[in-house]
Amino acid sequence: MTGVEDLLQTTPLLIVSISGLVVLVIDSIFRNGERLAFWLAATSLLASGLHGLYGIGETGTAFSGMLTTGGYADFCAALFSLAGFLTLLLSRDYIGSRTTDRGEYYVLILFAVAGMILMASAADLVVLFLGLEMMSLCFYVLAGFTRTSFAGNEASLKYFLLGAFATGFLLYGIAFLYGAVGSTNIDLILSSASHLRDQTFFLIGLSLLLIGFLFKVAAVPFHMWVPDVYEGAPTTVTGFMSTGGKAAAFSALLLVFAPRLASQIGPVREVIAVIAAVTMIGGNILALSQENIKRMLAYSSVAHAGYLLTGVVAANGSGSTGILFYLAAYTLMNCGAFGVVALLESREGGRTSFQDYSGLSKSSPVLAGLMALFMFSLTGIPPFAGFFAKYAVFSGAVAAGYTWLAIIGVLASLISVYYYLRLVVLMYFSEGEHPVPAPVPLAYAALLAAAGAVLFLGLFPSTILDLTATFF
Amino acid sequence: MDLFDIVFYCFALIAVGSAVVVVFSRNIMYAAFALLFAFFGIAGLYVLLQADFLAVTQILIYIGGILVLMLFGVMLTNRVVDVDIKTGTLQIVPAAILAAVVGGSLSGVFYSTWSTVSGTPSDVATTTPAIGEMLMTSYILPFEIASIILLVALIGAAMIARRKT
């Protein structure tokens with residue numbers, strides 16, 4: 001039976017979804033409710049994040065074994081809340097200057113975070129699927145949030161059609177797994193893997209589920225939607241999709257393709273390894289020739305999905321810990337990078353090409369400095385968080401005997417040096433005229449906090465690595 | 001041939017006959033109304049098989065929801081009533097292959113399970129109370145999440161369809 005204890009155990013989820021409902025009501029009752037709605041949304045995300053960190057110690061299940069609580073779930077909840085919080089701070093002025101319905105924007109961000117939390121804490125495939133749908137629905141709408149923008153509409157429609165298609169794969173996979181195992185409970189599926197690993201329907205189910213996930217994390221054969229959607233969507237939304245959305249998809253992927261499953265089913269593991277390699281190489285090579293920053297960041301996020309998949313292939317504690325650390329670092333640095341792009345973007349969506357950034361260090365030294373920091377971290381240069389993130393997943397792969405994959409990863413990140421640092425060189429060593437963007441205190445605060453955290457995680461990676469190591 | 005068989009063949013005839021009309025009708029309104037009878041026939045078959053929950057959802061969702069939506073779509077679309085819809089046959093070879101494969105596998109399943117199915121369904125308790133109880137106890141969380149998802153979809157649809165402000 002469910003009761004108050006179940007609700008208390010799932011506090012982050014409860015805070016976020018209830019405040020989503022309250023914000024919706026506030027926005028429709030009060031004519032000038034935007035300010036109240038914004039602060040309520042921001043506070044609730046902060047509260048759910050802090051509560052997630054606070055609750056990590058106590059693990060358990062809630063709602064008749066539908067949700068896991070504490071530990072992994074709460075860490076991920078804190079991470080998604082952080083992504084949502086940063087996005088909210090960065091978007092208030094960005095969205096406000098482009099459309100008049102900011103209230104719905106906050107509501108959709110909150111519900112997207114609630115969906116992500118459900119994905120990471122699912123103990124049952126039904127809950128995982130519902131969480132994924134909740135998040136995806138919010139993203140479809142958010143991608144086309146600036147309704148007068150043609151590119152935004154295109155992004156929204158494209159994402160919706162392909163996303164619905166991928167959901168079909170995922171759901172079909174769940175149906176096959178249910179047929180093979182007789183239950184949708186994730187734990188039961190994982191523990192029956194040892195005697196079902198040669199059964200056709202079980203493997204078909206796993207493969208279909210994997211395809212659905214690979215679409216959501218944008219791994220290479222399923223990445224076609226990424227550049228157009230990331231370029232067309234409002235920049236702050238792109239930042240949120242590429243960090244929170246990717247983190248949620250990976251946390252769910254890690255729940256199902258957990259080390260104890262991946263280490264038992266060899267073929268699936270080999271397939272993921274090949275896809276990881278192709279994703280790392282393909283993403284980086286495609287990013288090389290981009291002239292638009294948003295498209296470059298889109299392809300780079302494909303490449304990062306490849307690095308993260310390396311941790312899944314490793315199927316050991318080090319790889320899984322590495323993934324969580326990587327997700328935290330990636331959330332901070334990618335939210336930051338997209339935040340800078342959003343601040344510099346013109347209202348019509350222009351000023352997002354590489355050339356528009358030349359000589360930026362003279363007109364806006366702070367933004368240029370922050371962007372350079374995020375670029376260094378994305379490249380994986382010490383002492384920033386990005387370095388330890390890559391180090392952690394690659395060392396996991398080496399420990400599991402996948403040295404070739406780690407080598408490909410290192411070579412692929414060498415390619416990425418070119419396009420990340422090209423931006424830094426343009427900002428610092430060439431000339432250009434720029435309108436100085438209006439100062440936006442909230443967005444600057446978010447960017448500075450993200451940059452500080454990237455540096456902190458780079459200097460003291462053990463703060464998170466020690467914490468996440470207790471989950472596996 | 002007892003009463004059960006007679007009723008079964010009646011419903012089967014309704015379902016198959018209306019489905020044929022849906023496919024071959026040249027008028028889209030006739031096709032849509034024929035679909036209504038096809039759904040009704042299927043719902044009747046569910047009742048005969050004592051799948052009460054399925055029968056009710058079939059009527060509520062397919063006839064009450066989807067079909068009404070389709071009829072509205074047809075009626076609100078300009079001049080669609082008197083437009084001839086194409087009912088010719090295209091791509092005969094791929095269609096024949098696909099139909100043969102689907103038909104073959106269906107009849108394969110039919111013959112391989114034929115012997116294990118007994119003549120009439122045994123008396124089973126109604127399924128609706130059990131499903132309702134499950135939804136309110138062990139599946140309460142997915143049930144509630146689904147309602148939030150519907151809310152999000154509503155907000156999203158209203159957002160996108162709203163007039164430019």
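A note on names: the letters A, B, ... follow the listed sequences, proteins ahead of strands, and every chain is numbered from 1. Since the model is a prediction, treat every value here as computed from it, not as a measurement.
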B:Tyr139 OH: over 12 foreign heavy atoms closer than 6.0 Å: no
Could you pull out all donor-acceptor pairs under 3.5 Å where a side-chain atom in residues 161-172 of chain A meets a protein atom, sequence neighbours excluded?
| residue | atom | partner | partner atom | Å |
| --- | --- | --- | --- | --- |
| A:Thr167 | OG1 | A:Glu133 | OE2 | 3.2 |
| A:Thr167 | OG1 | A:Gly163 | O | 2.8 |

Any side-chain heavy-atom pair of B:Leu151 and A:Leu21 under 4.5 Å: yes
Residue pair A:Val127, B:Leu141: steps toward the side-chain contact (heavy atoms from CB on, under 4.5 Å) verdict: CA-CA 8 Å; A:Val127 176; B:Leu141 183 77; 4.2 Å; yes
Structural part of B:Ile149 lying under 4.5 Å from a heavy atom of chain A: both
Atom pair OG1 (B:Thr137) and CZ (A:Phe63), whose distance is rounded to the nearest 0.5 Å: 12.5 Å
Close side-chain approach of B:Ile155 to A:Leu24, heavy-atom, < 4.5 Å: yes
Interface moiety of A:Ser17 toward chain B, non-hydrogen atoms closer than 4.5 Å: side chain
Heavy atoms of other groups near B:Glu133 CD, more than 12 under 6.0 Å: no
A:Arg147 to B:Met159 - nearest heavy-atom pair and separation: CD-O, 3.2 Å
A:Asn32, CG atom: more than 12 neighbouring heavy atoms under 6.0 Å: no
Minimal non-hydrogen separation, A:Leu137 against B:Ala153, with atom names: CD1-CB, 4.1 Å
Heavy-atom contact with chain B under 4.5 Å, split by part of A:Leu108: side chain
Donor-acceptor pairs are to be reported for all side-chain atoms of residues 58-76 of chain B against protein atoms at under 3.5 Å, with residues two or more places apart or in another chain.
| residue | atom | partner | partner atom | Å |
| --- | --- | --- | --- | --- |
| B:Gln58 | NE2 | B:Phe39 | O | 3.4 |

For A:Met134 against B:Ile148, the heavy-atom pair lying closest together: CE-CG2, 3.6 Å
Which atom of A:Ser64 lies closest to which atom of B:Ser138, heavy atoms considered: OG-CA, 3.4 Å
CZ/A:Phe160: more than 12 non-hydrogen atoms of other groups inside 6.0 Å: no
